[in-house]
Amino acid sequence: MTKYVYSFGDGFAEGKVDMKNLLGGKGANLAEMCSLGLPVPPGFTITTEVCTGYYANGKALPKGLDTEVKKALAAVEKAVGCTFGDAKNPLLVSVRSGARASMPGMMDTVLNLGLNDITVEGLAAKTGNPRFAYDSYRRFIQMYSDVVLGVDHYHFEEELEAIKLNKAYELDTQLNADDLKLLVEKYKNKVTDELRNRFPNGTVEQSTFPQDVHIQLWGAINAVFDSWMNARAITYRRLHDIPEGWGTAVNVQSMVFGNMGDDCATGVAFTRNPSTGDKAFYGEFLVNAQGEDVVAGIRTPQPLTIAGKATSGADLLSMEEVMPGVYGDLVKIYQKLEHHYRDMQDIEFTVQNRKLWMLQTRSGKRTAAASIKIAVDMVAEKLISKEVAIGRVDPAALDQLLHPTLDPNAKKTVLARGLPASPGAACGIVVFSADVAEERAHHKEKVILVRIETSPEDIHGMHAAQGILTARGGMTSHAAVVARGMGKPCVSGAGEVKIDYAAKTFKAGNQTVKEGDFVTINGSSGEVFLGEVPTIQPQLSGDFAMLMGWADELRTLKIRTNAETPLDATTARKFGAEGIGLCRTEHMFFDVDRITPMREMIVSDTPEKRKLALAKLLPMQRKDFADIFRIMTGLPVTIRLLDPPLHEFLPHGEAEIKEVAKAAGVTVEYVKARAHALHESNPMLGHRGCRLGVTYPEIYEMQARAIFEAASEVIKATKEKVIPEIMIPLVMNEKELEMMKRVVDETAAAVARETSVKVDYLVGTMIELPRAALRAGDIARHAEFFSFGTNDLTQTTLGLSRDDAASFIEIYKQKGVLESDPFVTIDTQGVGELIEIAAERGRKSRPDIKLGICGEHGGDPASIHFCQKAGLNYVSCSPYRVPVARLAAAQAAIKAKTAKAEAA
Ligand code: PEP
Ligand code: MG
């Protein structure tokens with residue numbers, strides 16, 4: 001029989017940490033903490049299988065679940081000595097979601113469940129604290145009504161504000177028990193009004209806040225399952241590649257109260273600093289508050305440690321000072337947890353009457369810089385191996401480290417200061433709503449999203465923005481946590497920033513900033529500046545270099561770069577590129593001083609005229625190649641001969657046409673007629689790639705000459721090795737390649753005779769067409785290497801235009817037709833199979849053929865895993881992706897090694 005419910009409590013648990021798939025992360029870790037003997041309020045977890053079944057069966061819960069829940073609830077009642085729904089001694093519970101992967105704030109939670117008009121009196125009497133009892137009840141009504149009954153929370157906030165205004169209170173804490181009692185009545189009436197509006201013919205029960213605690217419990221359980229499919233959870237899953245099929249678990253746990261008085265508190269902490277990775281306990285807490293108050297950012301939280309006071313941005317006492325005894329218990333527990341999990345933990349706790357309770361532990365989200373520091377430190381502390389350390393760093397997140405920071409010498413006007421919530425610098429125009437952020441980012445504008453505070457509804461705007469600035473909230477506020485997860489710079493809690501949403505402005509000191517004005521934020525220092533501040537390149541030394549060194553020891557794939565400018569080649573080499581995998585020569589012709597001779601060449605209608613124009617281009621190409629060879633001495637440089645449709649170079653407009661006519665010594669009419677003749681209706685499948693070389697061999701001959709002359713020149717000058725690899729694009733059969741290889745070989749021989757320098761070179765081809773992949777055996781007879789051009793190979797295999805598909809691929813992803821964008825991550829089943837076929841057939845006819853990939857996929861971690869499995873020799877990607885690829889390749893190698901060991 002399937003077990004649906006797993007109990008946990010003092011020193012025992014039915015679940016354990018490796019049952020995350022079934023119990024969700026929160027449930028599995030609560031069980032694990034209980035087994036470790038840590039103080040955890042007793043409770044139970046309803047499995048993720050119940051959630052998947054719920055959706056498979058038209059939102060019906062399985063038979064037998066109620067019996068298991070009843071039994072588990074009875075065990076909780078026994079453990080804490082209270083009874084659910086009891087008038088004198090009521091048990092209160094929390095009901096929370098908990099998926100396999102953490103999805104902070106995306107799903108629903110209900111606290112203080114089990115309160116009604118009777119139990120609230122029991123709670124008041126039992127605790128001798130009516131204020132606390134009614135405060136808990138009004139919080140419960142608000143949360144439950146919002147989450148389960150769909151009555152928006154702003155209705156309740158309005159009532160709360162009205163009472164405060166009436167009584168001239170500034171703070172919620174000024175409300176006394178009678179005020180709160182009155183508020184409870186108002187809240188309940190509000191619920192009734194709203195429900196009557198919605199169901200005019202409903203029964204009395206249907207239009208009142210439920211008093212039956214069991215109805216409350218099942219209402220909350222269903223609501224948590226429902227929240228798996230709410231819009232923000234769906235967006236979050238899409239952004240983080242979390243499959244819908246995983247489902248969420250539901251955790252029902254006895255309540256402990258951080259809001260019963262000044263010897264109570266609630267807090268969140270990281271066992272190491274999540275921004276920097278420093279080995280320092282780090283976190284925030286609030287005295288006399290409930291968990292949600294800390295993350296909501298309504299009150300400014302206090303630091304946990306005395307050391308933490310320096311960065312807390314306010315003159316507040318720390319937990320270490322306020323509650324030294326409990327703080328000492330917390331320190332022992334966090335150390336035990338970190339040692340047990342061998343990873344930095346993100347923990348939540350509550351203190352009830354000076355007794356510490358642990359509510360959650362999970363592996364903490366961290367910035368890329370922190371993930372590297374923690375991984376490297378933990379290897380030194382002998383907690384983890386180098387392989388584990390490599391696996392701990394998300395290659396995609398390295399981007400955060402590779403991008404510029406603010407130039408310390410730049411002139412800056414500080415507008416305001418807040419907390420350094422997520423590192424890095426960002427600059428953009430100010431926008432005040434997530435929708436506007438998305439809209440303007442869509443039009444290629446860089447935006448900074450400025451909000452009083454963010455909530456899960458803002459997630460799409462945060463994603464679209466360069467950075468986030470909030471006026472309220474601490475280092476663990478929603479904005480801070482989400483920004484760190486996204487790797488975006490964030491300054492939170494900048495109290496001087498006074499936002500007027502209606503006027504679309506904010507004031508800071510005597511400055512007024514309007515929507516559309518530029519600001520710069522520094523998420524590493526918490527500063528906000530007026531205007532655009534210049535930036536500088538990052539330093540890639542220390543821990544970063546150490547981790548990258550380990551990655552290089554462990555990986556078997558070589559990493560090259562796609563580069564055609566000296567700047568890109570230099571950057572890539574600095575980032576560790578082991579050569580160039582793709583130099584797109586056409587990019588060298590778009591410069592102002594080159595485009596005219598290029599056009600002159602294109603409009604020529606005889607080989608003689610074409611050669612005259614090519615002669616003008618030759619010295620320019622030679623210099624381009626020489627520059628790159630100098631930067632890449634000793635490393636292979638793959639140069640691809642001209643690939644794009646000539647159509648792309650045609651002159652537009654009268655002025656350009658006149659200029660070309662003048663340079664070529666022909667009439668304007670002639671240029672127009674040639675442009676018309678060269679026009680293509682389907683240029684991507686037209687006169688491009690090696691078809692240019694077959695029809696106009698003099699083009700490839702000029703390029704080959706430029707390459708060999710440049711190589712000879714650099715070899716002579718530097719006495720170093722230059723390794724050109726000449727690549728013929730878009731080959732569909734062996735004849736094309738054979739013919740083009742002859743052009744290259746003959747040119748090489750001619751240049752060698754002229755210069756007396758012997759250049760070692762290879763000739764190979766791109767595999768970009770399904771036919772080429774299938775005929776790889778024939779093609780390999782003339783190719784010393786294959787480089788998979790997966791951009792075109794994806795386009796030609798799927799019949800999807802690489803230039804036009806973006807508009808509907810998102811919809812395909814949302815509807816589940818495609819799991820990911822095939823232009824970003826290799827379609828392993830289709831394109832991948834063609835690559836495997838080509839690799840196998842190519843190797844069969846030429847065992848030492850070199851195999852690589854140079855499409856955009858070469859920098860995508862998931863695709864790199866595929867390349868490892870397919871047995872390629874190298875991947876080539878854009879310069880900034882080189883470190884990402886080095887790390888992903890190491891992870892792929894470790895995975896392959898583990899798989900091999902397991903199979904043996
Ligand atoms: C490719 O098609 O994958 C490729 C690298 O070539 P390009 O993107 O220049 O067409
Ligand atoms: Mg291509």
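Keep in mind the model is a prediction, meaning the values are calculated, not measured. Start at 1 and go down the list; that is how both ligands and their atoms are numbered.
Interface atoms of ligand 1 facing Cys854, defined by a heavy-atom separation under 4.0 Å, are 5 (C). Set against the non-hydrogen atoms of Met766, the atoms of ligand 1 under 4.0 Å away are 4 (C), 5 (C), 6 (O). Each of the following atoms of ligand 1 lies closer than 4.0 Å to a heavy atom of Glu768: 1 (C), 2 (O), 4 (C), 6 (O). Close approach of ligand 1 to Leu582 is summarised as follows: ligand atoms under 4.0 Å from at least one heavy atom of the residue are 5 (C).
Among protein heavy atoms, atom 9 (O) of ligand 1 sits closest to Arg584 NE, 2.7 Å. Atom 6 (O) of ligand 1 has Arg640 NH1, 2.9 Å as its closest protein atom, hydrogens excluded (heavy atom only). Scanning the protein for heavy atoms near atom 3 (O) of ligand 1, the closest one is Asn791 N, 2.6 Å.
Counting only heavy atoms from C-beta outward, the side chains of Leu642 and Arg688 never approach each other to under 4.5 Å.
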(message) Before you tell me yes or no, could you show the steps for Glu578 and Arg560 under salt bridge (Lys or Arg N to Asp or Glu O under 4.0 Å), namely the whole-Å CA-CA distance, both residues' side-chain angles and the distance that decides it to 0.1 Å?
(response) CA-CA 5 Å; Glu578 297 162 297; Arg560 299 195 194 178; over 6 Å; no
(request) Evaluate salt bridge (Lys or Arg N to Asp or Glu O under 4.0 Å) for Arg599 paired with Glu656, printing each intermediate quantity in order. (result) CA-CA 10 Å; Arg599 286 178 172 148; Glu656 282 179 11; 3.3 Å; yes
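Val763 and Val744 make their closest contact through CG2-CG1, 3.8 Å (heavy atoms, listed as atom of the first residue, atom of the second, distance). Counting all heavy atoms, side chain and backbone alike, Ser863 lies closest to Thr825 at OG-CA, 3.4 Å. When every heavy atom of Pro644 is checked against every heavy atom of Phe649, the shortest pair comes out as CG-CE1, 3.6 Å.
Taking the six-membered ring wherever Trp is involved, the centroid distance between the rings of His647 and His679 falls below 6.0 Å.
Summary: OD2 is the N/O/S atom of Asp792 found nearest to the Mg ion (ligand 2). Minimum-distance N/O/S atom of Glu768 relative to the Mg ion (ligand 2): OE2.
Judged by the shortest distance from any of its heavy atoms, His857 lies outside the 4.0 Å radius around the atoms of ligand 1. Residue contacts with ligand 1 do not include Glu856, since none of its heavy atoms lies under 4.0 Å from the ligand.
When heavy-atom distances to ligand 1 are checked against a 4.0 Å cut-off, Arg802 comes that close only through its side chain, counted from C-beta outward. Contacts between Gln795 and ligand 1 below 4.0 angstrom, taking non-hydrogen atoms only, are absent altogether. By the criterion of a heavy-atom distance under 4.0 Å, neither the backbone nor the side chain of Asn562 is placed next to ligand 1.
A distance-only check finds no donor-acceptor pair linking the side chain of Arg237 to the backbone of Pro243 [under 3.5 Å].
Residue Glu586 places no N or O, backbone or side chain, under 3.5 Å from any N or O of ligand 1. Between Gly789 and ligand 1, an N or O atom pair is found at a separation short of 3.5 Å.
The only option from Val759, Ile715, Thr633, Asp760 that meets the side chain to side chain contact (heavy atoms under 4.5 Å, CB included) definition with Lys721 turns out to be Asp760.
The aromatic rings of Phe629 and Phe625 are tilted relative to each other, their planes meeting at an angle between 30° and 60°.
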